[in-house]
Amino acid sequence: MPRFLPDARMISRLRLVPLWLVELTRASLSGRRPAFAATSLELTRNVAVTLLLGARPVFWSRLIRTEPETLVGWGRRFSGRRVAAVENSAVQPLILEDGFLRSTQRRDFPVSFVFDDHGIYYDASSDSRLFRLIPSTLSDVETGRARAIIARWTALGLSKYNDAPAPDFPLDTDFVLVIDQVRGDLSIRYGAADEASFDKMLETALCDNPDSTVFVKIHPDGQSDPRKRHFSIDKLSRHPRIRVIEQNCHVPTLIKASRKVYTVTSQVGFEALIHGKSVHTFGTPFYAGWGLTEDALPPSDHRGSATLEQLVHAALLAYPRYVDPVAMQPCDAEHAIAHIGLQRHMRHGLPKRIAAVGFSRWKRPFIKAFLQGSDVTFTKPMQLDNGAAVVVWGSAPVPQGAEDAKILRVEDGFLRSSGLGADLVRPLSLVVDDLGIYYDATRPSRLEQILGTQVLDADQRARAAALRKKLIRLDVTKYNLGAATWDRPATDKPVLLVVGQVETDASIRLGSPDVTTNIALLERVRQANRDAYIVYKPHPDVIAGLRQRGMGEDASLKIADEVLTAPVLVSRLFSQVDAVHTMTSLMGFEALIRGVDVVCHGLPFYAGWGLTEDRLPCARRARQLSIDELVYGALISYPRYFHYEGNCFVEPETAVDHLAIWSKNGPTTRKWHRKLLRVGITAWLKLKGSKR
C-alpha cells in the first residue's frame with residue numbers, strides 16, 4: 001500500500017471525499033477486487049450494512065464500473081433491479097432489505113437486515129433464500145430456540161416498528177382485523193396482488209364474520225395522505241359493522257384482541273401467526289402457502305408445508321442478520337429483540353403528555369432524552385397544561401396549579417457518571433418516581449414499594465448477583481472518581497469509615513431527622529467507638545470545591561484519626577475498613593454490595609431491610625431482603641439508563657461497562673465556559689453564606 005494514501009477514517013472526518021471512493025482507490029492500488037460494491041450511494045454510507053457485511057461497499061454504476069466479488073442492491077427498487085440485470089458470473093448478486101424487526105422509530109438505527117442471494121422474500125416469483133429456509137428440518141435445539149423467540153416476541157408485543165402507543169379505545173368487542181397497506185407498495189405487486197385484492201379482502205371479512213365488528217387498520221403512511229390508502233374512510237365509516245382505525249397505534253395490541261386477521265401481503269399477517277391467530281391472505285406473502293394460513297390464492301409451486309417453528313426460525317433467526325446499535329457490532333436475534341423490547345417498555349411506561357417544571361437549560365436535553373416516548377414540554381407553573389403529568393426535580397414542591405396532576409419526581413440514578421453532577425456532567429441514569437423519591441423517608445417511594453413487594457425468580461436473582469459481581473470486579477460506583485490508593489493503618493483497632501455528605505442535601509433533611517450534620521455524625525461515632533481508628537471521608541463535591549463544607553466540619557480532624565482529601569479507589573477503601581457509618585449516603589449501599597458492615601444513622605433507601613445496623617426504625621419496611629434482592633430493585637427495576645450516542649435506553653449491565661471504560665480515562669469535567677459559570681456560582685454562594 002502506498003504510504004502517501006491517507007487513512008480512510010481521517011479523510012472521512014475531514015469530509016474530503018466519500019469513504020467508498022477511498023476504499024475503491026485502496027482496492028485499485030493494491031490490485032485486488034473490492035469485496036462489495038453497491039448500486040446505491042445510500043448503501044455505501046449505511047453503517048449497519050458495513051458492520052454486517054464486514055466491509056464498506058464501494059459505489060458501482062455504469063460510469064464507475066468495477067468488478068467486485070459481490071454486488072449489493074436494495075430489494076426490488078431500482079438499485080436491486082440493477083443488480084439482477086448484471087450479467088457477470090464472476091460477480092455474486094446480493095439483495096438487501098430491512099429485517100422483520102427493524103427498530104423502535106423509523107428514523108432509528110436499524111437492528112436487522114435480510115441478505116438474499118437468490119431474490120427477495122416479498123417477491124413470490126423469485127427463488128428467495130427464505131423460501132428454501134422455511135421447510136428446512138429443525139433440530140431439537142433449533143425448535144426450542146424458535147419457541148423461545150415466539151414466547152419473547154409475544155410477551156414484549158413486538159412488531160417491525162415499535163414506537164406507536166397502544167390504542168386509546170376499548171378492545172372489548174368481538175372483532176376481526178383487516179390490514180390496509182400503502183398503495184403502490186412493492187410487496188403488493190411482487191406478492192401477486194393488486195388494488196382489487198383489498199376490496200376482496202374486506203368483502204370476505206364481512207361475509208365470513210356476520211356477527212363481528214370489522215376493524216380496518218389504516219397504514220400510518222395513509223393517515224394524512226388519502227392517495228396512499230386502498231379504502232375510502234368516508235365510505236367505510238358509513239358501514240354499520242366497520243370501524244376505521246386511523247390513529248397510529250401499536251398493531252400487536254390489536255392482534256392480541258382480535259379473533260382473525262385479514263391481510264393482502266402485510267407483515268402483520270406473520271406477526272398474527274406468531275400470536276396464534278387465524279390469518280387470511282389475499283396475496284402471496286412469504287408466510288402464505290405453507291399450511292399455516294387461509295389463502296385466497298393458490299400456493300406457489302415451490303412451497304409446501306411448514307410448522308410455525310420452522311417459519312419463525314427461518315424468518316427471525318436464519319434469514320436476517322442483526323446488529324447491536326450500542327456496541328455497533330453484529331449480535332444475535334435474542335439480543336436485538338431484548339433491545340427493542342427495552343425501548344418500547346421505557347418509551348411507553350410514562351404518561352403520554354408531561355409538563356416539566358423548574359429545569360435549567362443544562363438539564364433539559366437529557367431530561368427529554370430520558371422521558372422520550374412522551375410529549376415533554378418545559379413550562380412555567382402558571383402555564384401548566386390541564387391533563388398533563390407534571391415532572392419536577394427531586395423533592396421540589398408541587399408547582400402551583402398542579403395539585404390535582406400526576407406528579408413525577410426525577411433524580412440521578414445510583415450509577416450516574418464518570419464525574420460529578422455538580423460539575424455539570426450529564427447522567428447515564430435517572431430515576432422517575434410516581435409516588436415520592438427514594439431519599440424521602442417521610443413517605444413511600446416507588447423504590448420502597450418495589451423492594452417491599454417484588455418477588456424474584458431464579459433468573460432474576462442470578463442476574464442481580466452477576467451485576468453485583470460486575471460492579472465489584474470493575475470497581476464501578478455512582479461517580480467513579482477514585483484514583484488514589486489508601487492503606488489501612490498499622491493498628492489493631494477496628495477501622496471505621498465515616499462518610500460525609502453535603503449538608504444542604506435533601507436526603508439529610510428528609511431522611512436523617514436525628515443526625516443532620518457531618519460533625520454530629522463524627523461525634524456520635526467517636527462517642528460509641530472510643531477505641532476505633534476513624535477515617536472521615538468528605539463528600540466529593542466538597543473536596544472539589546463545588547459545595548460548601550458543613551457546619552463545623554473544619555474540626556473533623558480533631559475527632560477523626562484521618563481525613564481523606566483525595567478521591568480513593570472504592571476497592572482499596574472498602575476492602576480495608578471494618579464498617580461504614582453514614583447518615584444517608586449512597587456509599588452505604590456501595591459498601592453493602594461489597595460485603596462491608598454498614599451502620600445507618602438516618603433512613604436511606606437501603607436501610608430497614610435487615611441488611612444494615614439501623615439507628616432509626618421505619619415501620620413501612622418490615623421485609624427482610626437479601627443483598628441481591630436489594631440490588632435488583634435499586635439498580636434494575638427502579639432506574640432508567642440512557643446511551644446518548646445511540647439515542648436509546650440500555651440495561652444496567654451495559655451502563656456499568658461504559659462507566660468502567662470512562663472511569664479508566666479519568667472523570668469527565670466541564671468545558672471552559674462551564675468552568676467559568678461554576679466559578680461564578682461558587683463565588684455567589686460564598687458571598688451569600690458570609691452575609692448570614
Side-chain angles (χ1 to χ4, degrees), residues 48 98-113 144-167 248-257 267-268 270-276 312-313 315-317 320-350 352 369-374 429-430 432 450 454 456-457 459-460 462-464 466-467 632-633 635-643 646-657:
D98 287 327
F100 304 120
L101 177 70
R102 196 230 179 245
S103 57
T104 306
Q105 303 180 86
R106 294 192 176 204
R107 65 175 180 269
D108 287 350
F109 191 89
V111 301
S112 71
F113 288 93
R145 190 180 176 199
R147 288 173 180 168
I149 289 289
I150 291 170
R152 197 65 181 144
W153 184 283
T154 54
L156 295 174
L158 299 184
S159 185
K160 183 174 184 176
Y161 299 102
N162 297 274
D163 61 323
N248 183 24
C249 57
H250 200 46
V251 174
T253 309
L254 298 173
I255 293 174
K256 290 179 182 179
Q267 182 183 313
V268 173
F270 172 58
E271 295 170 10
L273 286 176
I274 294 178
H275 284 273
V312 168
H313 188 276
L316 295 180
L317 292 171
R321 302 182 197 176
Y322 295 90
V323 61
D324 182 345
V326 176
M328 298 300 284
Q329 62 185 20
C331 65
D332 58 24
E334 289 83 353
H335 185 91
I337 285 173
H339 172 80
I340 297 297
L342 176 66
Q343 307 315 304
R344 178 152 187 85
H345 172 70
M346 289 298 178
R347 288 176 58 84
H348 296 281
L350 297 175
K352 189 174 181 179
F370 275 90
L371 302 182
Q372 64 173 252
S374 301
S429 70
L430 290 180
V432 181
I450 290 170
Q454 185 168 252
L456 304 183
D457 59 28
D459 290 341
Q460 291 170 323
R463 182 184 178 190
L467 177 60
Y632 197 96
L635 298 183
I636 298 176
S637 298
Y638 189 46
R640 296 171 157 240
Y641 300 88
F642 195 78
H643 186 264
N647 190 36
C648 60
F649 294 99
V650 294
E651 297 286 6
E653 293 85 353
T654 302
V656 170
D657 289 335

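Basis for what follows: all heavy atoms, side chains included, without hydrogens, waters or symmetry-related copies.
Remark: the His335 side chain and the Asp324 side chain contain an N/O donor-acceptor pair separated by less than 3.5 Å. Using a 3.5 Å distance cut-off with no hydrogens or angles, the side chains of Gln372 and Asn647 do pair a donor with an acceptor.
Between Lys160 and Glu271 there is no salt bridge, since no side-chain nitrogen of the basic residue lies less than 4.0 Å from a carboxylate oxygen of the acidic one.
A distance of 9.5 Å separates CZ of Phe109 from CZ of Arg102, quoted to the nearest 0.5 Å. Between the CD1 atom of Ile150 and the NE2 atom of His313 there is a distance of 11.0 Å, given to the nearest 0.5 Å. Once rounded to the nearest 0.5 Å, the distance linking CG of Leu158 with CH2 of Trp153 reads 5.5 Å. Interatomic distance, OG1 of Thr104 versus CZ of Arg106, reported as 13.0 Å (0.5 Å rounding). Put simply, CZ on Arg640 and CZ on Phe649 are 4.5 Å apart, with the number rounded to the nearest 0.5 Å.
Across every non-hydrogen atom of Cys648 and Phe642, the tightest pair is O-CD1, 3.4 Å. Residue Ile450 comes nearest to Gly633 through the heavy atom pair CG2-CA, 4.0 Å, listed as atom of the first residue, atom of the second, then distance.
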Practice problem: List the steps, then state whether side-chain contact (heavy atoms from CB on, under 4.5 Å) holds for Glu334 with Arg152. | Solution: CA-CA 9 Å; Glu334 289 83 353; Arg152 197 65 181 144; over 6 Å; no
Quiz prompt | Trace of the side-chain contact (heavy atoms from CB on, under 4.5 Å) decision for Val432 with Phe370 | solution = CA-CA 9 Å; Val432 181; Phe370 275 90; 5.9 Å; no
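Side-chain N or O atoms of Arg321 include none that pairs as donor or acceptor with a backbone N or O of Phe113 at under 3.5 Å. With hydrogens and angles disregarded, no donor-acceptor distance shorter than 3.5 Å links the side chain of His339 to the backbone of Val111. Remark: side-chain polar atoms of Tyr322 are not paired, donor with acceptor, to backbone N or O of Leu317 under 3.5 angstrom.
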